[in-house]
Number of protein chains: 2
Amino acid sequence: MNASPRRKELTRLAAQLFVQEGFDRTTVRMLAQEMGIKSGSLFHHFKDKQEILAAVIEEGTQNALHIARQTLERSTPSPEDRLRAMARAHLETLFTDRNAHVVALFEWRRLDAESRAHLSHLRDAYEALWVDVIDEALEADLIHGDRFLVSRFVLGALNWTVRWYDPSGPRSPDDLADELVAMIMPQSR
Amino acid sequence: MNASPRRKELTRLAAQLFVQEGFDRTTVRMLAQEMGIKSGSLFHHFKDKQEILAAVIEEGTQNALHIARQTLERSTPSPEDRLRAMARAHLETLFTDRNAHVVALFEWRRLDAESRAHLSHLRDAYEALWVDVIDEALEADLIHGDRFLVSRFVLGALNWTVRWYDPSGPRSPDDLADELVAMIMPQSR
DNA sequence: GTCTATAAAGGGATAGAC
DNA sequence: GTCTATCCCTTTATAGAC
């Protein structure tokens, strides 16, 4: 994909608006204003509004995937550490310059069929990393249950933080991640 | 609130469409068609589109609250049983012909400030039931951690099921609830 | 309580000049 | 690459007849 610095910057601004207003309520005029251009000029950079959403979601998922892979490379082999590191990385992509990953999670259904088909591979790759880490914890007998169910419950708990967690409050995202891991892995206390 | 049987039925139909399409993409024409009337007639029943959303969300939250209270009344005093029962009840309101609760969770931010202020008390009452049940489990030493964090993680995991769980699949909502409880309460296996 | 007709506003997108 | 101007369509909501 074309990822000129300019386009990346525009995508970043779009992500911010999509989080604030939601995709459907964000107009091309609002996007253009945020980018400091007129609405007509926007279509020089993107074919249509859908393409902006796809660009944001691709960016958000690539970023989450990249950070997760880096995290796993750098982690110790301890399944407990790896799980904690993945949870921290997930919240980091949600709350530290958060916007694109949030859009990827909460505006997924607004994608047209074509983009969804293309991007679902990326999302699957991200989820696969999680299932691997959960698997390691299962094999080490640190947790119990179905690998897919556990993965989805954990990701659900993490994703839902977007609805209630205030990152400017007293608790850090890392604290949050650690508390979640402790919840499903009580012997780690 | 005016809750004639007719209005309740229209609200139910609206909830279904809001789940399928999202509030923003559901037009008054779609709503009217689903209700078997013309779009102009819709405004005899509701002041505007916002009021339809507020009605759906009120219905959904009242329903969840009602079922949760009933569940707790009928439950044994065992903290483990009560937690499991609450999780089952939550998924029941999400997946058993009860679109309104899904709308309440996922379209909350589309409410105008006035409705949000009014309805947030209802939502708080529902969450308070959860915090109580979590508290009982904490006191019984069945789980550990911060009462609010644990409540929100559990609710997040449950709410997120809407994104991936297929109720027509082999697993029942009750199975799901039990698996989640087992995840945070391993000694219950 | 429902209809038809339509007002008023705002939406995405395009054309062509610069 | 950006502008102005504008097309064309859909949206929510209203008015008044039945």
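Because the structure is a prediction, the values reported are computed rather than measured.
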(request) Show the numbers, then the answer: is there a side-chain contact (heavy atoms from CB on, under 4.5 Å) between A:I52 and A:T26? (result) CA-CA 11 Å; A:I52 307 180; A:T26 304; over 6 Å; no

Sort me out a list of protein N/O and nucleotides 13-18 of chain C N/O pairs below 3.5 Å, or just none if empty.
unit_1: C:dA13; atom_1: OP2; unit_2: A:K49; atom_2: N; d: 2.9

(message) Among residues at least two apart in sequence or on other chains, which ones pass side-chain contact (heavy atoms from CB on, under 4.5 Å) with B:D24?
(response) A:D24, A:R25, B:R110

(message) Using the side chain to side chain donor-acceptor pair (under 3.5 Å) criterion, which residues pair with B:E127? Sequence neighbours excluded.
(response) none

(message) I need the residues from residues 8-18 of chain A with at least one non-hydrogen atom less than 4.0 Å from DNA chain D; give them sorted by number, or say none.
(response) none

(message) As a quick check of understanding, evaluate side-chain contact (heavy atoms from CB on, under 4.5 Å) for B:R7 and B:F46, giving each step before the final call.
(response) CA-CA 9 Å; B:R7 189 182 160 110; B:F46 301 94; 3.7 Å; yes

(request) Could you pull out all residues at least two apart from B:R163 that satisfy side-chain contact (heavy atoms from CB on, under 4.5 Å)? (result) A:F106, B:F106, B:W160

(message) Tell me the interatomic distance from A:I37, atom CD1, to D:dT4, atom C1', rounded to whole angstroms.
(response) 14 Å

(request) Could I get the full list of side-chain contact (heavy atoms from CB on, under 4.5 Å) partners for A:N63, not counting sequence neighbours? (result) A:I67, A:T93

(request) With sequence neighbours left out, write down each residue that passes salt bridge (Lys or Arg N to Asp or Glu O under 4.0 Å) with A:E107, or none if nothing qualifies. (result) none

(message) Using a heavy-atom cut-off of 4.0 Å across all strands, would you classify B:R6 as base, sugar-phosphate, or nothing?
(response) sugar-phosphate

(message) Can you list everything that forms a side-chain contact (heavy atoms from CB on, under 4.5 Å) with B:F43? Sequence neighbours excluded, please.
(response) B:V28

(message) Run the ring pair (Phe, Tyr, Trp, His ring centres under 6.0 Å) test against A:Y165 and tell me which residues pass, sequence neighbours left out.
(response) A:F95

(request) Go through residues 106-115 of chain A and report each residue with a non-hydrogen atom lying under 4.0 Å from DNA chain C, sorted by number. (result) none

(message) Which residues pass the ring pair (Phe, Tyr, Trp, His ring centres under 6.0 Å) test with A:F23, not counting sequence neighbours?
(response) A:F18

(request) Starting from C1' on C:dG1, measure out to NE2 on B:H45 and report it in whole angstrom. (result) 6 Å

(request) Rounded off to whole Å, could you give me the CD-to-P distance for the B:Q33 and C:dC3 pair? (result) 12 Å

(request) Would you kindly give the NE2-to-C1' distance between A:H44 and C:dG12, to the nearest whole Å? (result) 19 Å

(message) Rounded to whole Å, how long is the line connecting atom CZ of B:R25 with atom C1' of C:dG11?
(response) 13 Å

(message) Can you measure B:I52 atom CD1 to D:dT12 atom C1' for me and round it to whole angstrom units?
(response) 11 Å

(request) Determine which pairs satisfy ring-ring contact (aromatic ring centres under 6.0 Å, His included) with at least one residue from residues 60-84 of chain A, sequence neighbours left out, and list them in order. (result) none

